[in-house]
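Note sheet for the following structure.
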Number of protein chains: 2
Amino acid sequence: MALEHAILVSLAERSATGYDLARRFDASIGRFWKASHQQIYKVLARMEADGWTSAEHIAQGARPDKKVYALTEAGRGELIAWLARATPPEQVRSEFAVKIRALHLLDRVTVLDAVRARRADHQARLDGYDLSMSKFFPDPSALAEEEIGPYLALRGGIRLERNGIDWCNEIIETLENR
Amino acid sequence: MALEHAILVSLAERSATGYDLARRFDASIGRFWKASHQQIYKVLARMEADGWTSAEHIAQGARPDKKVYALTEAGRGELIAWLARATPPEQVRSEFAVKIRALHLLDRVTVLDAVRARRADHQARLDGYDLSMSKFFPDPSALAEEEIGPYLALRGGIRLERNGIDWCNEIIETLENR
DNA sequence: GGGCGCATGTAAAGCGTTACATGATTGC
DNA sequence: GCAATCATGTAACGCTTTACATGCGCCC
């Protein structure tokens with residue numbers, strides 16, 4: 001896919017400026033797709049040229065002018081078409097896992113420290129997700145139609161971090177018991 | 001990081017040609033770092049220029065000539081230094097998760113079909129990993145020193161697939177119960 | 001006769017990261 | 001006075017993907 005489809009998803013939720021999108025990519029959507037503002041502005045310009053979005057220029061006295069992007073019918077069509085297309089299984093790319101493979105080249109203490117640091121890292125993100133969960137979905141048994149997706153995506157994030165923690169624990173235990 | 005460090009890890013296990021590496025990246029190492037042969041040949045050339053690897057030219061009558069790359073002392077040093085450097089938490093990039101976020105824009109049947117297909121995909125890879133496990137590590141309580149890393153990496157892969165399956169099941173159940 | 005395995009590359013295009021650039025307002 | 005927030009970009013570089021290119025031997 002590409003960034004443009006993630007932007008389509010975000011704009012379908014709410015129209016936004018490039019700046020807004022960049023912040024969303026730092027928070028919710030960004031759990032599964034990171035993007036810098038530089039990238040976003042470039043792609044946004046291309047999407048406008050392709051007719052997927054339309055921009056409304058808004059002058060603000062004190063603050064800088066802004067361009068609010070909204071989905072066009074064509075953009076919405078492309079979004080639906082993309083959603084319906086089969087998703088190729090994405091490949092994992094984990095520097096940590098590559099290092100784990102070669103762990104016997106390092107002394108045990110260094111490895112254990114690194115694994116504990118990574119576990120703390122997973123835990124910190126998990127704490128953030130738990131907070132989002134209680135803030136945005138306090139009652140998961142009563143979700144509005146458009147909330148199911150974001151809820152399940154957040155659940156996916158939580159599972160990912162928990163899984164990361166479990167793996168770290170397994171590594172630590174395996175190394176300590178020998 | 002980059003591909004070069006994954007190649008260093010692979011060459012530390014055994015010297016290899018670019019072709020061999022490409023196959024390894026299709027199998028074991030590739031669980032966590034994919035690379036095409038085009039990429040590998042280019043990086044290998046640069047690594048040789050940097051003195052991290054040394055190549056031995058071998059002419060084979062019938063088959064094409066080959067270059068067997070081995071780690072140099074400098075390469076080994078770089079590998080150890082990289083292993084000891086802190087690993088920045090890698091960002092997830094999941095097209096599937098982005099789609100899940102926007103799932104309410106599609107009809108339920110299409111979504112469920114897609115999620116079931118993805119679950120099957122996870123299951124297929126898990127089956128492959130289970131096979132590797134029984135083939136290479138039939139007795140995990142008696143692992144040689146250099147086997148611990150590859151064993152734990154494989155465990156990580158297994159956990160990842162299982163976690164993927166669990167998430168798919170949660171999505172399916174959530175969608176079916178409403 | 002056709003496809004696969006071995007073996008090595010070049011070239012172009014697209015995507016992503018990092019650095020640079022500007023400028024006003026608000027809060028500490 | 002200094003940092004952060006709002007707001008939008010350009011430029012250079014590097015990594016990744018996709019397409020193109022070659023050529024022999026073996027098996028069905």
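We name chains A, B, ... by the order of the sequence lines, and we start the count at 1 in each one.
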Nearest non-hydrogen partners of B/Arg178 and A/Leu143, listed with the distance: NH2-O, 2.7 Å
Would you name the heavy atoms of A/Thr87 and B/Phe96 that are closest together and state the gap between them? CG2-N, 3.9 Å
Nearest-Å distance for atom pair [atom1]/[atom2], residues [X] and [N]:
X: B/Phe25; N: D/dC15; atom1: CZ; atom2: P; result: 14 Å
X: A/Arg93; N: D/dT17; atom1: CZ; atom2: C1'; result: 11 Å
X: B/Trp33; N: D/dT16; atom1: CH2; atom2: C1'; result: 11 Å
X: B/Leu3; N: D/dG14; atom1: CG; atom2: C1'; result: 13 Å
X: B/Asp26; N: C/dC6; atom1: CG; atom2: C1'; result: 14 Å
X: B/Leu44; N: C/dT10; atom1: CG; atom2: C1'; result: 16 Å
X: A/Glu90; N: D/dT16; atom1: CD; atom2: C1'; result: 17 Å
X: B/Gln39; N: C/dT8; atom1: CD; atom2: P; result: 16 Å

Can you tell me how far apart CG (B/Leu105) and CD (A/Glu145) are? Round to the nearest 0.5 Å. 10.0 Å
Give the intermediate values and the outcome of side-chain contact (heavy atoms from CB on, under 4.5 Å) for residues B/Met133 and B/Leu154. CA-CA 7 Å; B/Met133 194 50 97; B/Leu154 181 53; 3.9 Å; yes
Determine, for A/Glu78 against A/Arg85, whether the closest basic-nitrogen to carboxylate-oxygen distance falls under 4.0 angstrom. yes
Distance below 4.0 Å between B/Arg46 side-chain N/O and D/dG14 OP1 or OP2: no
Specify whether A/Trp52 and A/His5 have parallel, tilted or perpendicular ring planes, treating 30° as the upper limit for parallel and 60° as the lower limit for perpendicular. tilted
Could you run through nucleotides 5-10 of chain D and give me one letter per nucleotide, 5' to 3': B if any protein heavy atom sits under 4.0 Å from the base, S if only the sugar-phosphate is that close, - if neither? SBBBBB
